[in-house]
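Structure, as structure tokens:
Residue numbers run from 1 in the order of the sequence given.
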Amino acid sequence: MEEYYVDFSGVTDKKSLHKRLKESLPLPEWYGDNLDALFDALTDLDEICIYFRNWEEAEESISSYFDSFKKVVADAQMEAEGLFCFFEKSGEEDGFPEESDGEEFTGGREEDGFPEESDEEESDGEEFLIDRED
């Protein structure tokens with residue numbers, strides 16, 4: 001499985017977000033700098049793990065758009081069986097918080113052991129922790 005790291009340091013608007021994605025990920029030439037194109041590009045990828053780092057500033061700067069971005073990433077994971085994405089918080093090394101042995105996960109499939117969606121209050125998915133099996 002290929003691993004990619006997207007560092008969102010300095011990303012403060014939509015244009016710089018999409019520029020950073022194009023610089024960091026193997027996106028196709030037709031990628032059109034919008035969330036619909038991102039969904040299509042991510043679901044075409046297979047056997048790939050993406051770690052998003054230093055995303056807090058971008059989330060603060062473009063909050064509603066970044067929320068939509070995170071939803072697109074989670075939806076793409078549900079669609080593409082070989083796509084795994086993690087949002088690492090600042091200060092985490094190798095995807096693990098300092099006093100934890102798990103990783104934050106932004107979505108998943110029920111067959112992977114993650115809860116099925118319910119009608120209860122929606123969650124951003126960041127509270128799910130999974131153990132890394134090396």
Min side-chain heavy-atom separation L45-P26 under 4.5 Å: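 Answer yes - side chains close enough.
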Shortest non-hydrogen contact from [X] to [Y]?
| X | Y | value |
| --- | --- | --- |
| A37 | G32 | CB-N, 3.5 Å |
| D46 | G82 | OD1-CA, 3.6 Å |
| S9 | D7 | OG-OD1, 2.7 Å |
| C49 | F86 | SG-CE1, 3.4 Å |

Atom pair [atom1]/[atom2] of [X] and [Y] - distance to nearest 0.5 Å:
| X | Y | atom1 | atom2 | value |
| --- | --- | --- | --- | --- |
| E88 | N54 | CD | CG | 9.0 Å |
| E59 | K70 | CD | NZ | 4.0 Å |
| E47 | E2 | CD | CD | 9.5 Å |
| K14 | F66 | NZ | CZ | 14.0 Å |
| L27 | D40 | CG | CG | 11.5 Å |
| L17 | T12 | CG | OG1 | 10.0 Å |

Charged N to carboxylate O below 4.0 Å: is that the case for D67 and K71?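 Between K71 and D67 there is no salt bridge, as every charged N stays at least 4.0 Å from the carboxylate O atoms.
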Using a strict 4.0 Å threshold on nitrogen-to-oxygen distance, state whether D33 and K19 make a salt bridge.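 The answer is no: the pair does not qualify as a salt bridge.
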Just wondering, more than 12 heavy atoms not from E60 lying within 6.0 Å of its CD?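 Incorrect, the count does not exceed 12.
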Just by distance, with hydrogens left out, do Y31 and E29 show a side-chain donor and acceptor under 3.5 Å apart?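 Not at all, the side chains of Y31 and E29 share no donor-acceptor pair under 3.5 Å.
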Given the rule in the side-chain contact (heavy atoms from CB on, under 4.5 Å) test, do I48 and F84 qualify, once you have shown the distances and angles that lead to the verdict? CA-CA 6 Å; I48 186 171; F84 301 93; over 6 Å; no
Apply the test side-chain contact (heavy atoms from CB on, under 4.5 Å) to residues Y4 and S24: give CA-CA distance (whole Å), side-chain angles for both, the deciding distance (0.1 Å), then the verdict. CA-CA 7 Å; Y4 291 89; S24 305; over 6 Å; no
Would you mind telling me which of L38, I50, L42 makes a side chain to side chain contact (heavy atoms under 4.5 Å, CB included) with L21?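 Single pass found, and it is L38.
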Would L83 and T43 count as a side-chain contact (heavy atoms from CB on, under 4.5 Å) here? Give the steps. CA-CA 8 Å; L83 175 66; T43 55; 5.7 Å; no
Under the criterion ring pair (Phe, Tyr, Trp, His ring centres under 6.0 Å), I'd like the reasoning laid out for Y51 against F87: C-alpha separation, chi angles, the key distance, then a yes or no. CA-CA 6 Å; Y51 295 92; F87 285 83; over 10 Å; no
Expected output: side-chain [X] to main-chain [Y] donor-acceptor under 3.5 Å:
| X | Y | answer |
| --- | --- | --- |
| Q77 | C85 | yes |
| S16 | D13 | yes |
| R20 | G10 | no |

Is there a path from M1 to Y5 through hydrophobic residues (I, L, V, M, F, W, Y) whose side chains come within less than 4.5 Å of each other?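 M1 clusters together with Y5.
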Would F8 and F52 count as a ring pair (Phe, Tyr, Trp, His ring centres under 6.0 Å) here? Give the steps. CA-CA 7 Å; F8 283 124; F52 297 106; 5.7 Å; yes
